[in-house]
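Beneath this line is the structure, given in structure tokens, with notes to follow.
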Amino acid sequence: MRFFLIFLLTVTYSFGATVVKVDERYQDSTKCQTCHKRIVNEWKNSWHAKSHFQNDEYFRKSMEYVSRKTRKSLNSVKIECATCHNPRITVTKTTQDYEIAAVMGLSKGSKVDKAVNDDSIDEGINCVVCHNVDKIHDEYDEKKRGMDRVEWTPSGTMTGPYSDAKSPYHKTIHHDFMDKTPNRLCFVCHANDRSTRGLVFTNMEKEYKGEQACVECHMGPRKQDVAATFSFNGEKKIRTVRNHGFMGAHFESMWEGALSLSIENKNRDILVTIANPQPHNIPSGFGGRELILDITYKDNKGEVIDTKTISLTTKYTRKREKPSTPHMAKAQSKDMSIPAKGSKTLRIEKIKGTKSVDVKLSYKLVNDEVKGLLDLEDPIWSKKFPITQTTIKVL
Ligand code: HEC
Ligand code: HEC
Ligand code: HEC
Ligand code: HEC
Ligand code: HEC
């Protein structure tokens, strides 16, 4: 019996994340605002701040879909997804007893329901997620992500890029992954995103080309400013700082120059080449994103003869080839993304009487199939973000 107990303990220890409760003084960004106002304001507009079921319709409906299809309670799915989306949650597992109680509507007031609905996690990936990471276990199995891959600092100790920072409000500690090797921090979550069936639909770490720091593009170049408006002797302490906007696919400005387009005549065809100078694939990140090529054929008067649309997206299927969301997928279609620092060339036929062809490249956050399955309503999911366009005279 004793042997069995010890065995159980080690198993729970090595598979479950260790929770460190965050003291109320540090829990949310309003507590940091007095001294780090600029940073708090920048972060508020980021999608890290929206990583919670109340604030991201796509995320919420994806969890509801998983819960319906797996017949697991919604709260246990929320806990699974919290590993990366809400890693300061205080409950990391649900039991069979909980599942039964949840089905019978008797789970209200339970530890699990309280943890899932607690205000302390509704800011998603907030300050005390990144700045309370104390250790990153790169040696762990690559499936372990988010809270299962890190150890937290004691509540009230902020990890940061400086080795000489002093604050009256909190302790500070320097770690290399805050300045020298920041990609390690990003890859805690931006890697090995997998479905409930074990299909890895995104792996930014694997596809990444080169050593460039994610923060160079997603937190902007280093600039000179104060890190905190509070100072001990009234003098401004100028530091190198970065923007906390973490802008990505949801921001039109990020798409300017993200991809380039070139076309050429080739016998009876036109070759369209999409080149990706970025170090990760595009689309990348979350599965179900879509690139769209709109092709317009015009005659010598400039009148439209024909149009064509080509979609570059990945389709997901669950059992018996039924369409699925990335998170319920058993299989996926061929990867249609433009590889990191690479390109893809598509061949399109010339149509008789064509004198010129316009090609327009744009992007959608979610393809129509997944949008339909989840019944996404917010206009952002239908929006077509323009990337670039070009025209060619047909020879
Ligand atoms: C009363 C003012 C005050 C409050 C409130 C405050 N800080 Fe700070 N913080 C500072 C000062 C001062 C520094 C040091 C700045 C410097 O040395 O340039 C600092 C530094 C930091 C650093 C950099 C540490 C390093 O070693 O590189 C981080 C990260 C940080 N704070 C996070 C937070 C977070 C998160 C909160 C909210 C939970 C918070 N701070 C609340 C004053 C404050
Ligand atoms: C604790 C896990 C975690 C860590 C650590 C993390 N991210 Fe994220 N990141 C997420 C999640 C989850 C989302 C999606 C949130 C949503 O859309 O609801 C996201 C979204 C993003 C986006 C997309 C934003 C958009 O507008 O489309 C970018 C860019 C990004 N993160 C960059 C970074 C960078 C750079 C780092 C490292 C400094 C980092 N992340 C660290 C979990 C994390
Ligand atoms: C996704 C991870 C992530 C989140 C969330 C995050 N930070 Fe940071 N923060 C970083 C990284 C990485 C750096 C180091 C940037 C550099 O200098 O290369 C940094 C730097 C800082 C610094 C030093 C000054 C600066 O601007 O570089 C302070 C202070 C700070 N963060 C406070 C905060 C506060 C307050 C919040 C919440 C509103 C927050 N951070 C949210 C990753 C994060
Ligand atoms: C050279 C600049 C550059 C670097 C370095 C870079 N990115 Fe990006 N990233 C972009 C651009 C441009 C986009 C916008 C196009 C897009 O959304 O695919 C983007 C988009 C994203 C998105 C949203 C993708 C989507 O379609 O949902 C995520 C997430 C992201 N980056 C994370 C990272 C992480 C993590 C790293 C480091 C491992 C990184 N990026 C390094 C330029 C960069
Ligand atoms: C391995 C860490 C990880 C886990 C676990 C995880 N996610 Fe994510 N998720 C991410 C990251 C990182 C992003 C941001 C990628 C991007 O923007 O391209 C993201 C983005 C998303 C998005 C896109 C949101 C948007 O606004 O476009 C949805 C939807 C989503 N996740 C659903 C889920 C669901 C449902 C679960 C649980 C079944 C889950 N995720 C579990 C890391 C994770």
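Counting begins at 1 with the first residue of the sequence. All ligand and atom numbering here is 1-based and tracks the order in the structure.
The distance from atom 8 (Fe) of ligand 1 to the nearest N/O/S atom of His170 is under 2.8 Å. Residue His280: an N/O/S atom is found under 2.8 Å from atom 8 (Fe) of ligand 4. At least one N/O/S atom of His190, whether from backbone or side chain, sits less than 2.8 Å from atom 8 (Fe) of ligand 2. At a cut-off of 2.8 Å, Cys35 is not counted among the residues with an N, O or S atom near atom 8 (Fe) of ligand 1. Backbone or side-chain N, O or S atoms of His218 reach atom 8 (Fe) of ligand 4 at under 2.8 Å.
Ligand 4 lies out of reach of Pro283, whose nearest heavy atom is not under 4.0 Å from it. Heavy atoms of Gly257 stay at 4.0 angstrom or farther from ligand 4. Heavy-atom distances between Glu216 and ligand 4 stay at or above 4.0 Å for every pair.
Exactly one residue among Thr296, Thr307, Thr391, Thr390 makes a side chain to side chain donor-acceptor pair (under 3.5 Å) with Asp358. That residue is Thr391.
When each atom of ligand 2 is checked for a heavy atom of Val129 under 4.0 Å away, the hits are 1 (C). Proximity to Arg239 (heavy-atom distance under 4.0 Å) selects the following atoms of ligand 1: 16 (C), 17 (O), 18 (O). Distances below 4.0 Å separate heavy atoms of Phe251 from the following atoms of ligand 2: 26 (O). Here is the list of ligand 2 atoms found below 4.0 Å of a heavy atom in Cys189: 1 (C), 2 (C), 3 (C), 4 (C), 5 (C), 42 (C), 43 (C). Heavy-atom contacts of Pro87 reach the following atoms of ligand 2: 1 (C) (cutoff under 4.0 Å). Annotation for ligand 2: atoms under 4.0 Å from non-hydrogen atoms of Leu185 are 5 (C). For ligand 4, the atoms lying closer than 4.0 Å to a non-hydrogen atom of Ile282 are 15 (C), 18 (O).
Remark: ligand 4 and Tyr363 share an N or O pair separated by less than 3.5 Å (distance only, no angle test). Considering backbone and side-chain N/O atoms, Ser284 comes within less than 3.5 Å of an N/O atom of ligand 4. At a 3.5 angstrom cut-off on N or O pairs, Ala228 does not count as close to ligand 1.
Residues Asn265 and Lys350 bring a donor and an acceptor atom of their side chains to less than 3.5 Å of each other. Defined by atom type and a distance below 3.5 Å, a donor-acceptor pair is present between the side-chain atoms of Ser120 and Asp118.
Shown here is Lys330, whose NZ atom has no more than 12 heavy atoms of other residues, nucleotides or ligands within 6.0 Å. Other residues, nucleotides and ligands contribute over 12 non-hydrogen atoms within 6.0 Å of the NZ atom of Lys341. In Lys143, the NZ atom is not crowded: 12 or fewer heavy atoms of neighbouring residues, nucleotides or ligands sit closer than 6.0 Å.
Looking at heavy atoms from C-beta onward, Thr325 lies out of side-chain contact with Tyr58 at the 4.5 angstrom threshold.
Looking from atom 26 (O) of ligand 1 to the surrounding protein, the closest heavy atom is Tyr162 O, 3.0 Å. Counting only heavy atoms of the protein, atom 15 (C) of ligand 2 lies nearest to Trp47 O, 3.4 Å. Nearest protein neighbour of atom 14 (C) of ligand 1, counting heavy atoms only, is Lys166 O, 3.4 Å.
Between the OG1 atom in Thr240 and the OH atom in Tyr162 there is a gap of 5.5 Å [rounded to 0.5 Å].
For Pro277 against Ala258, the heavy-atom pair with the smallest separation is CD-O, 3.3 Å. Asp23 approaches Ser155 most closely through the heavy-atom pair N-OG, 2.8 Å.
A continuous path of hydrophobic side-chain contacts links Met147 to Val112 [ILVMFWY only; heavy atoms under 4.5 Å].
For atom 24 (C) of ligand 1, the nearest non-hydrogen atom from the set Ile238, Ile173, Thr172, Val40 belongs to Thr172. Nearest residue to atom 19 (C) of ligand 1 from Lys171, Met158, His36, His131 is His36 (criterion: closest heavy atom).
With a 4.0 Å cut-off on non-hydrogen atoms, Ser51 touches ligand 2 through its backbone as well as its side chain. Contacts of Phe59 with ligand 2, taken as heavy-atom pairs under 4.0 Å, are absent altogether. Heavy atoms of Met247 found under 4.0 angstrom from ligand 2 belong exclusively to the backbone.
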